[in-house]
**Q** 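Can you keep this structure in mind? I'll have questions shortly.
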Amino acid sequence: MARWIRVFPAVLISIAARGQDFQQLATDRAGSILYFSASARARGTDQYFHPKIFSWDGANGVRLYEQRASDVLFPSSRGAEIGRVYFSLFAPDTSSDGATVAITGIGYCSNTSSCVSPSLERYQTTIYSAGKPAVTAPGSGTLSGNGRYALLSGSVPDFFFAPYTITVLDLETGESFRYSAGPGTRQLGSRHRIANDGTIVMPVAGGLAVARGAQSQTIPGSAAVLDSNGRFYATIDDAATLVVFERLGALSVYQVASGTTLDLATVTLDGTLWSGSRFGASLSADGSQVAFLYGNNRQVYLVGSDGKGLRQITSLPEAVHEVALSGDGKVAFAVTVQNRIVRIDVASATSTEIVAAIPYVTNPFSQVGRGSLSTVTGAGFATGTAQATAPYPASLGGVQVSIGGRAAGIAAVSPTSLSYGVPWDAPIGVFEVEIESASAAASPLVPGVEVTSFPPESYTTIAPGTPFMQVAVHEDFSSLVSVASPARPGEVLHLYAHDLGPVSPAPPAGLPAPLRPVSALTVSLACTLRAEPGVVSVPVEVLFAGLGPTLTGVFQVDVRMPAVFTSDLGALLCQVGTPAEGYACSDVVLNCTIGGYVNLAPGAAQSSR
């Protein structure tokens with residue numbers, strides 16, 4: 001048989017796979033409250049599995065601060081789609097007194113050509129101040145320590161040809177000042193880049209500058225500050241007296257008054273491209289203390305901004321991914337590579353776990369085929385490797401997976417991946433998969449993924465100068481229908497498709513359908529033929545619709561063609577399901593219509609005698 005081409009709508013999901021779920025830490029002056037972003041959800045809730053903001057404090061533990069529903073539909077047949085809701089929340093920030101909180105939301109685009117438009121606004125910051133209406137503004141935001149100013153950066157796509165803009169918004173007066181960093185900078189890699197008087201640190205040609213309004217001061221020795229992704233990492237103290245920044249191979253501090261630069265820590269360059277923060281520095285509000293990550297097993301170190309008093313304040317068994325220092329320099333919070341959060345008492349250098357480790361996933365959004373095995377990748381799923389045979393168990397290696405509250409069979413687990421069976425009756429559209437691991441039983445949060453099932457579609461072939469041709473086999477299975485061997489009037493054709501819907505009896509996910517009994521489609525399927533160039537469609541009798549015997553995940557639809565063909569080409573289309581059956585499709589999946597063109601032999605069916 002000719003090669004089959006599986007065709008489905010291309011979807012661009014504009015989200016970078018991250019190595020941690022807990023991230024983007026922000027705390028107040030006293031270290032009494034912590035904000036962070038995570039895709040996981042609180043145990044026992046129906047919270048979404050895309051990034052949202054959580055808070056932690058000593059009295060209440062972990063609580064959801066804000067989440068938003070996604071309005072982006074996957075897959076999309078409507079071309080460019082940018083969500084109107086900035087639903088994926090990250091980069092929380094707080095003022096020193098905790099009275100003002102800023103969070104950034106991302107809106108996603110599902111069409112490649114439109115997603116690269118320099119005018120596409122992808123970021124939006126929402127600022128909450130006690131006793132005041134919320135403020136929304138374009139860009140990714142961070143706050144000054146006193147909560148008066150917000151720095152809003154780059155609400156255009158992260159592409160080098162797009163100009164990079166920075167806006168300082170005075171939350172008291174509503175006035176704003178706009179800076180342009182020009183092309184070459186993709187986005188800021190760190191927060192706390194604005195002082196209490198509105199002074200900021202920003203990229204300029206040849207390095208970094210301290211700027212306030214029209215006045216700016218270039219930082220000497222800051223030429224090599226952009227990593228391979230065009231990001232820079234810098235922070236400024238509340239009084240705008242100094243800037244701590246990363247440059248190639250060093251963590252440095254710039255004293256504004258004296259104009260001098262001092263290296264606080266250095267690393268040996270190994271020739272690899274610099275990508276991401278090497279030090280992850282966090283600065284106390286008065287600029288006197290700098291917390292940063294260092295060493296082969298990255299631990300948290302503290303040093304004075306004068307370069308004195310260097311000491312290690314964590315000795316965790318695993319490396320640290322991120323650190324945030326409180327404004328008074330007495331408390332620090334850290335996320336480790338095991339995806340747990342610890343609170344650090346700086347004076348005693350003791351660490352206390354406040355959020356227990358959970359697995360994290362690197363593919364939080366994906367498309368799956370119903371009745372197939374789907375794989376989730378990440379880390380921390382299991383302590384070892386285990387595989388199962390069908391029928392797959394509900395628990396394997398201490399891991400369970402549930403979809404809509406129902407257990408899904410697990411085919412394999414390892415520390416870095418798991419494979420589960422997608423139910424044949426999984427819904428059309430987005431649904432959630434919750435992952436429970438024995439190793440994460442102590443955590444208040446559980447990980448999961450948001451997936452969308454592939455819409456019903458035919459297998460088609462494509463040839464130059466021809467429309468999409470439905471894969472169809474003659475009644476006797478002797479050959480494919482083609483120009484050289486067209487379908488005959490009255491003949492039974494075997495059509496092939498995928499993801500049509502639920503079947504009964506349902507074979508185990510990922511395994512071939514049995515010869516007997518056949519796995520029949522449990523929702524209706526109605527077909528028509530429209531001969532070209534005519535416009536009148538005629539009904540086509542459906543003899544069988546279900547899984548192709550001995551095939552894996554492939555549906556077979558047997559139809560009897562009309563008795564008369566008036567053309568040599570026809571569009572054979574089938575509608576799957578109806579709203580009355582609880583199988584409603586929207587325009588984003590082409591109304592659940594499958595099919596394509598078939599070659600026809602014009603004439604009438606031969607009557608048998």
Side-chain angles (χ1 to χ4, degrees), residues 24-38 47 51-60 62-69 71 83-107 121-155 165-179 188 190-201 211-213 235-240 283 285-286 324 326-328 333:
Q24 310 268 320
L25 306 179
T27 187
D28 61 358
R29 184 177 188 86
S32 61
I33 190 167
L34 175 72
Y35 296 94
F36 60 95
S37 175
Q47 295 166 4
K52 48 200 167 291
I53 305 301
F54 288 94
S55 66
W56 173 90
D57 63 70
N60 300 290
V62 176
R63 294 186 297 176
L64 177 69
Y65 182 78
E66 184 166 342
Q67 68 170 348
R68 297 174 189 168
D71 70 336
R84 296 177 179 86
V85 175
Y86 294 83
F87 67 92
S88 185
L89 305 180
F90 73 108
D93 201 7
T94 182
S95 58
S96 291
D97 61 4
T100 302
V101 175
I103 58 176
T104 299
I106 303 178
E121 181 181 290
R122 294 181 58 230
Y123 306 129
Q124 184 185 80
T125 294
T126 304
I127 302 168
Y128 302 100
S129 298
K132 299 179 181 179
V135 175
T136 59
S140 172
T142 186
L143 296 171
S144 60
N146 59 8
R148 175 170 178 171
Y149 295 95
L151 184 153
L152 305 161
S153 57
S155 58
T165 59
I166 301 171
T167 301
V168 172
L169 175 63
D170 187 329
L171 297 173
E172 289 188 4
T173 67
E175 297 178 347
S176 62
F177 191 90
R178 188 172 184 176
Y179 304 84
L188 299 170
S190 54
R191 288 166 292 151
H192 305 295
R193 303 174 304 272
I194 185 165
N196 283 345
D197 64 353
T199 299
I200 68 169
V201 55
R212 184 169 185 262
T235 184
I236 191 169
D237 69 327
D238 282 356
L283 185 64
D286 65 1
S326 64
D328 60 13
F333 296 93

**Q** If I take atom CG from residue L171 and atom NZ from residue K132, how far apart are they, to the nearest 0.5 angstrom?
**A** 7.5 Å
**Q** Does Y123 reach the side chain of S153, with side-chain heavy atoms less than 4.5 Å apart?
**A** no
**Q** Between D28 and T94, do the side chains contain an N or O donor and an N or O acceptor separated by less than 3.5 Å?
**A**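 Result is no, nothing qualifies.
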**Q** At their closest point, which heavy atom of Q67 faces which heavy atom of L89, and how far apart are they?
**A**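 Taking Q67 first and L89 second, the nearest heavy atoms are CA-CD1, 4.0 Å.
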**Q** Of the non-hydrogen atoms in S326 and D328, which two are nearest, and what is the gap between them?
**A**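 Closest pair (atom of S326, atom of D328, distance): OG-OD1, 2.7 Å.
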**Q** Give, for atom CD1 of I103 and atom CG of D93, the distance between the pair rounded to the nearest 0.5 Å.
**A**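 Between atom CD1 of I103 and atom CG of D93 there are 11.5 Å.
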**Q** Out of N196, N146, T199, which residue meets the side-chain contact (heavy atoms from CB on, under 4.5 Å) rule with D238?
**A**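 The passing option is N196.
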**Q** Quick check against the 3.5 Å criterion: does S37 have a side-chain atom that pairs as donor or acceptor with the backbone of A91?
**A**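 No, the answer is negative, given that no donor and acceptor are paired below the 3.5 Å cut-off.
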**Q** Do you know which two heavy atoms are closest between A102 and I127, and how far apart they sit?
**A** CB-CG1, 4.0 Å
**Q** Within the 4.5 Å heavy-atom criterion, are W56 and L25 side-chain neighbours or not?
**A** no
**Q** Treating T126 as the side-chain partner and T136 as the backbone partner, does any N or O pair qualify as donor plus acceptor under 3.5 Å?
**A**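 Here the side-chain-to-backbone pair does not exist.
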**Q** Using only atom types and a distance under 3.5 Å, with no angle test, would you say the side chain of S144 pairs donor to acceptor with the backbone of I194?
**A**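 No, S144 side chain to I194 backbone: no donor-acceptor pair under 3.5 Å.
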**Q** Should the pair F54 and F36 be assigned to parallel (<30°), tilted (30 to 60°) or perpendicular (>60°) ring geometry?
**A**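 Taking F36 first and then F54, their aromatic rings lie parallel (interplane angle under 30°).
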**Q** Side chain of S95, backbone of T100: donor and acceptor closer than 3.5 Å?
**A**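 Side chain of S95 to backbone of T100, a donor-acceptor pair under 3.5 Å: yes, one is there.
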**Q** Of all heavy-atom pairs between G141 and T125, which one has the smallest distance, and what is that distance?
**A**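 The answer is N-OG1, 2.7 Å.
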**Q** Does the pair D170/R148 count as a salt bridge with the N-to-O cut at 4.0 Å?
**A** yes
**Q** List in chain and number order the residues that pass ring-ring contact (aromatic ring centres under 6.0 Å, His included) with F177, two or more places apart in sequence or in another chain; answer none if no residue qualifies.
**A** Y179
**Q** Once rounded to the nearest 0.5 Å, what's the spacing between atom CD1 of I236 and atom CD1 of I200?
**A** 8.5 Å
**Q** Just how far is it from atom CD of Q124 to atom CD1 of I106, taken to the nearest 0.5 Å?
**A**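 Rounded to the nearest 0.5 Å, the CD-CD1 separation comes to 12.0 Å.
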**Q** Taking all non-hydrogen atoms of both residues, which atom of A285 and which atom of D237 are closest, and how far apart?
**A**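 That closest heavy-atom pairing would be O-CB, 3.6 Å.
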**Q** Is the backbone of Y86 close enough, under 3.5 Å, to the side chain of R68 for a donor and an acceptor to pair up by distance?
**A**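 Yes.
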**Q** For D57 and I33, indicate whether the former's side chain and the latter's backbone hold a donor-acceptor pair under 3.5 Å.
**A** no
**Q** Using atom types as modelled and distance alone, determine if a side-chain donor or acceptor of T235 lies under 3.5 Å from a backbone N or O of H192.
**A**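 Confirmed, T235 side chain pairs with H192 backbone.
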**Q** Please walk me through it: do V101 and I53 pass side-chain contact (heavy atoms from CB on, under 4.5 Å)?
**A** CA-CA 11 Å; V101 175; I53 305 301; over 6 Å; no
**Q** What pair of heavy atoms forms the shortest contact from F333 to G31, and how long is it?
**A** CZ-O, 3.4 Å
